[in-house]
Amino acid sequence: MAVHGEEDALAAGLSGALTPFGHRLMARVYYADTDFSGVVYHARYLEFFERGRSDFLRLAGVHHTELADGKHGEKIVWIVRRMEIDFRASARIDDVLTVDTRTVDISGARITMAQQLKRGDEVLVEARVEAAIVGENGRPRRFPKDWVEAFMPGQ
């Protein structure tokens, strides 16, 4: 059984790290991520990118559970509005991948993020994701001003 300090150290690595450009997360390709040939199934790349965006939010101080609980005045959730993906090369079972996420733009209720999934220095997949925040009624909500600095430091 792990001691408390050891658990904290292991948990800290789960979320990746904030970087000068945004966020970086390491992930391993498991058997469950692949198709019958040992290559990552195309839909799984969406999950790797989702982990990158979610952990970026968490480390920037925006927690999905707090949003859903109404901590910011009302219950709000993130939705993906648009996504463009370029598949360049395949990841394979046991590969160690890097998911880099950076914010391109924040406007009104929308945030646009650019993501890359790499094996070493080789870019395997790139995505551009436009997300928005909506209230319980499904209507867009303005992006909170205090989040802009968290997602676009120095802007």
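Counting begins at 1 with the first residue of the sequence. Atoms considered below: every heavy atom in the structure, side chains included; atoms not considered: hydrogens, waters and symmetry mates.
When all heavy atoms of Gln116 and Phe49 are compared, the pair lying nearest together is C-CE2, 3.9 Å. Residues Ser15 and Asp55 share a closest heavy-atom pair of O-CB, 3.4 Å. Between Ile76 and Ile133, the closest heavy-atom pair is CD1-CD1, 4.4 Å. Closest of all the heavy-atom pairs between Pro140 and Ala109 is CB-CB, 3.8 Å. Of all heavy-atom pairs between Glu122 and Ala89, the closest is OE2-CB, 3.7 Å. Residues Phe151 and Met113 share a closest heavy-atom pair of CD2-CE, 4.2 Å.
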Take Val77 and Leu67 through the test side chain to side chain contact (heavy atoms under 4.5 Å, CB included) and record every step on the way to the result. CA-CA 6 Å; Val77 296; Leu67 300 178; 6.0 Å; no
The test is side chain to side chain contact (heavy atoms under 4.5 Å, CB included); show your working for Ile93 and Tyr31 and say whether it passes. CA-CA 6 Å; Ile93 193 166; Tyr31 180 77; 3.8 Å; yes
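Val39 and Val125 fall into different hydrophobic clusters, defined by Ile, Leu, Val, Met, Phe, Trp and Tyr side-chain heavy atoms under 4.5 Å apart, directly or through other members. Residues Val80 and Leu117 fall within the same hydrophobic cluster, defined by Ile, Leu, Val, Met, Phe, Trp and Tyr side chains chained together at heavy-atom separations under 4.5 Å. Both Val148 and Val62 belong to a single network of hydrophobic side chains, linked directly or stepwise wherever heavy atoms of I, L, V, M, F, W or Y lie under 4.5 Å apart. Note on Trp78: it clusters hydrophobically with Ile106, by side-chain heavy-atom contacts below 4.5 Å among ILVMFWY residues. Val99 and Ile85 fall within a single hydrophobic cluster, where Ile, Leu, Val, Met, Phe, Trp and Tyr are joined by side-chain heavy atoms under 4.5 Å apart, directly or via other members.
Taking the charged nitrogens against the carboxylate oxygens, Glu130 and Arg82 have no contact shorter than 4.0 Å, which rules out a salt bridge. Under 4.0 Å is where a charged nitrogen must lie from a carboxylate oxygen, and between Asp100 and Lys118 at least one such pair does.
Annotation: side chain of Asp95 is not in contact with side chain of Arg28 (no heavy-atom distance under 4.5 Å). Counting only heavy atoms from C-beta outward, the side chains of His63 and Thr65 approach each other to under 4.5 Å. Between Leu124 and Leu97 the shortest side-chain heavy-atom distance falls below 4.5 Å. Taking 4.5 Å as the limit, every side-chain heavy atom of Phe56 sits out of range of all side-chain heavy atoms of Leu59. No side-chain heavy atom of Val129 sits under 4.5 Å from any side-chain heavy atom of Thr112. Within the 4.5 Å cutoff, side-chain heavy atoms of Leu46 are placed close to those of Met83.
Here OG1 of Thr19 is found 6.5 Å from CZ of Arg24. Values are rounded to the nearest 0.5 Å. Separating the CD atom in Glu84 from the CD atom in Gln115 is a distance of 13.0 Å, to the nearest 0.5 Å. A distance of 14.0 Å separates NZ in Lys75 from CZ in Arg141, rounded to the nearest 0.5 Å. Rounding to the nearest 0.5 angstrom, the gap separating the CZ atom in Arg58 from the CZ atom in Arg53 is 13.0 Å. Remark: Lys71 NZ to Asp69 CG distance equals 10.5 Å, nearest 0.5 Å. Here the straight-line distance linking atom CD1 of Ile111 with atom OG1 of Thr103 works out to 4.0 Å at 0.5 Å rounding.
Legend: ring-ring contact (aromatic ring centres under 6.0 Å, His included) pairs involving residues 80-100, not counting sequence neighbours, sorted by first then second residue: Tyr45-Phe87. For residues 34-46, the set of pairs meeting the salt bridge (charged side-chain N to carboxylate O under 4.0 Å, His left out) definition, not counting sequence neighbours, comprises Asp33-Arg44, Arg44-Glu47. Pairs of residues two or more places apart, or lying in two chains, that qualify as side chain to side chain donor-acceptor pair (under 3.5 Å) and include a residue from residues 85-94 are Arg88-Glu126. For residues 107-128, no pair satisfies ring-ring contact (aromatic ring centres under 6.0 Å, His included), with sequence neighbours left out.
Not a single side-chain hydrogen bond (donor to acceptor under 3.5 Å, both in side chains) links Arg128 to another residue, sequence neighbours left out. By the side-chain hydrogen bond (donor to acceptor under 3.5 Å, both in side chains) test, Arg51 pairs with no residue at all, sequence neighbours left out.
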